[in-house]
Amino acid sequence: MAGVTIEGVTKVYGSRESGIVAVSDLDIEISDGEFVVLVGPSGCGKSTTLRMVAGLETITEGTISIDGEIVNDSEPRDRDVAMVFQNYALYPHMTIRENIGFGLRYSSDLSKDDRIERVEDAAAMMGIEELLDDKPGQLSGGQRQRVALGRAIVREPQAFLFDEPLSNLDAKLRVKMRTEILQLQRELGVTSIYVTHDQAEAMTMGDRVAVLDGGELQQLAPPQEVYDHPVNRFVAGFIGSPSMDFMETTVEERNDRYVLVGRSNDTLSYALDRSVTERLELEGGTDLTLGVRPEDLDVIGDPADRDPRNSFEATVDVVEPMGSDNFLTLDVGESDSWTARVDSSFVPEEGSQVGVTFDESVLHLFAADGETLKSQGTTTESYHEAEPMTP
Ligand code: ADP
């Protein structure tokens, strides 16, 4: 087994001067046995990155190494990686046994008996032994996905590369297969790179998550760290569901305190703690984006009961009962509405006014260029001083 290192990798489709930059100067070091998820919106360069590791796409600049060996120029079959796709790519005319064994076609050093044994072991591992003589057409989506996984593990590769493998499955099966893939990866200890646009998949599966946007790496960290301490507004908004709520504010200096004032909601005035403003070296007149997660909001049924100092008013647009809790869509006076996640017993009337407040510890602040100045419970200073977590 082996680590995978992506170093200064750029991919330009078309000519270097005027082509499409799909991936830009990407650095990701994946340790031996680690599970790293590449996540980001459509077109951010996830698949291109994975395909470069697999050898299916040339590298414009930089190097990719597997187990310390630069593989830029080696053929896909010589890289000893196994790829699992969303469309399974099973051969319809072959049995499941033949489909799984197909991955061994280049292993000339295996005897026929070894091959049979490996296929049966892989099928047993995926719980599909009884399907070995069936054809793919007879199988359900979940079973076909297990065959595709069986075909990857039978090769005992140095690394697994997953390209949105679960996006064809229904929601319930997707969650089940997530767990199966994770268990399999833990059992085999094979270094894995997993591409998805689904942040929930990234959060639940990755030892570390690499968030990409516009071909550039935004953040590479364990899921909880990305959630609690996103490095910028993009990551803050992308990771988490429902996503973080944002409001545009301006800092005002009032009686020696710095207060955030809503730019399109004039009921917001939020006095920041001195320790925060000193560390951030805030100045009056600065524009900042405030961010709070929906579960961190306190919604006050009667706006007359709100403390006007650290809260604001909003209108309830929609109440969505989720069973365990309710999601409120709030009109906060900006084009983007807010979502609040509240107790299921709290059902305000649609169209009514409410008060909204939150603790300073859960408040995120972003500079005009999107960089995080303060994340949950920290300021940038303590955040950047924190030791990077190793998986
Ligand atoms: P993702 O997997 O995150 O959706 P991709 O890696 O597929 O993103 O694509 C990244 C960018 O590269 C996109 O702008 C996409 O349109 C472009 N791209 C991908 N494949 C090709 C190709 N074969 N030729 C030209 N442009 C491509």
Side-chain angles (χ1 to χ4, degrees), residues 4-30 35-66 71-73 75-76 79 81-89 145 148-149 152 159-169 174 177-178 181 191-221 223 226 230-241 243 370:
V4 175
T5 307
I6 299 170
E7 220 174 336
V9 166
T10 293
K11 172 68 186 181
V12 183
Y13 287 107
S15 76
R16 265 179 202 248
E17 294 73 31
S18 59
I20 297 169
V21 183
V23 175
S24 178
D25 198 15
L26 188 64
D27 289 310
I28 303 180
E29 195 171 340
I30 301 155
F35 197 116
V36 166
V37 178
L38 306 183
V39 69
S42 178
C44 73
K46 309 178 292 288
S47 298
T48 300
T49 303
L50 199 72
R51 291 170 59 80
M52 285 191 285
V53 177
L56 302 173
E57 212 64 80
T58 57
I59 299 165
T60 311
E61 244 171 67
T63 56
I64 292 180
S65 315
I66 300 174
V71 295
N72 284 35
D73 298 321
E75 290 294 316
R79 296 195 184 192
V81 296
M83 200 147 168
V84 182
F85 302 93
Q86 73 173 267
N87 54 8
Y88 326 126
Q145 188 58 69
L149 288 167
F160 285 139
L161 308 178
F162 297 97
D163 193 359
E164 306 242 8
L166 305 182
S167 41
N168 279 351
L169 305 178
R174 212 157 53 216
M177 290 302 294
R178 262 188 220 165
I181 290 179
T191 309
S192 298
I193 309 179
Y194 188 106
V195 161
T196 181
H197 64 275
D198 179 351
Q199 61 84 34
E201 228 162 78
M203 287 297 288
T204 50
M205 297 185 79
D207 290 322
R208 285 187 302 161
V209 175
V211 185
L212 299 175
D213 185 36
E216 291 180 12
L217 180 65
Q218 306 293 308
Q219 187 163 10
L220 173 64
V226 174
V231 294
N232 58 34
R233 185 183 160 152
F234 172 80
V235 176
F238 189 78
I239 298 288
S241 177
S243 46

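When a ligand or atom number is given, it counts from 1 through the structure's own listing order. Keep in mind the model is a prediction, meaning the values are calculated, not measured.
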Name of the residue among [options] meeting side-chain contact (heavy atoms from CB on, under 4.5 Å) with [X]:
X      : options              : answer
Phe162 : Val195, Leu38, Val84 : Val84
Val81  : Ile66, Val71, Leu50  : Ile66
Ser24  : Glu216, Glu61, Lys11 : Glu216

Give a yes or no on whether the backbone of [Y] and the side-chain of [X] come within a donor-acceptor separation of less than 3.5 Å.
X      : Y      : answer
Thr204 : Glu201 : yes
Arg178 : Leu166 : no
Asp207 : Phe35  : yes
Lys46  : Gly40  : yes

When you measure from [atom] to every protein heavy atom, which one gives the shortest distance, and what is it?
atom                    : result
atom 6 (O) of ligand 1  : Thr48 OG1, 2.5 Å
atom 12 (O) of ligand 1 : Ala22 CB, 3.3 Å
atom 23 (N) of ligand 1 : Tyr13 CE2, 3.6 Å
atom 10 (C) of ligand 1 : Gly43 O, 3.4 Å

When you measure from the heavy atoms of Gly40 to every atom of ligand 1, does any distance fall below 4.0 Å?
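For ligand 1, residue contact (heavy atoms, under 4.0 Å) with Gly40 is absent.
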Atom 15 (C) of ligand 1 touched by protein (heavy atom, under 4.0 Å)
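Within 4.0 Å of atom 15 (C) of ligand 1, no protein heavy atoms are found.
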Is there a protein heavy atom at a distance of less than 4.0 Å from atom 8 (O) of ligand 1?
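Looking at atom 8 (O) of ligand 1, one finds that a protein heavy atom does lie closer than 4.0 Å.
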Only heavy atoms of Pro41, strictly under 4.0 Å: list the atoms of ligand 1 that pass.
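The atoms of ligand 1 under 4.0 Å from a heavy atom of Pro41 are 3 (O).
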Under a 4.0 angstrom heavy-atom cut-off, which atoms of ligand 1 come close to Cys44?
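Per the distance check, 1 (P), 3 (O), 8 (O).
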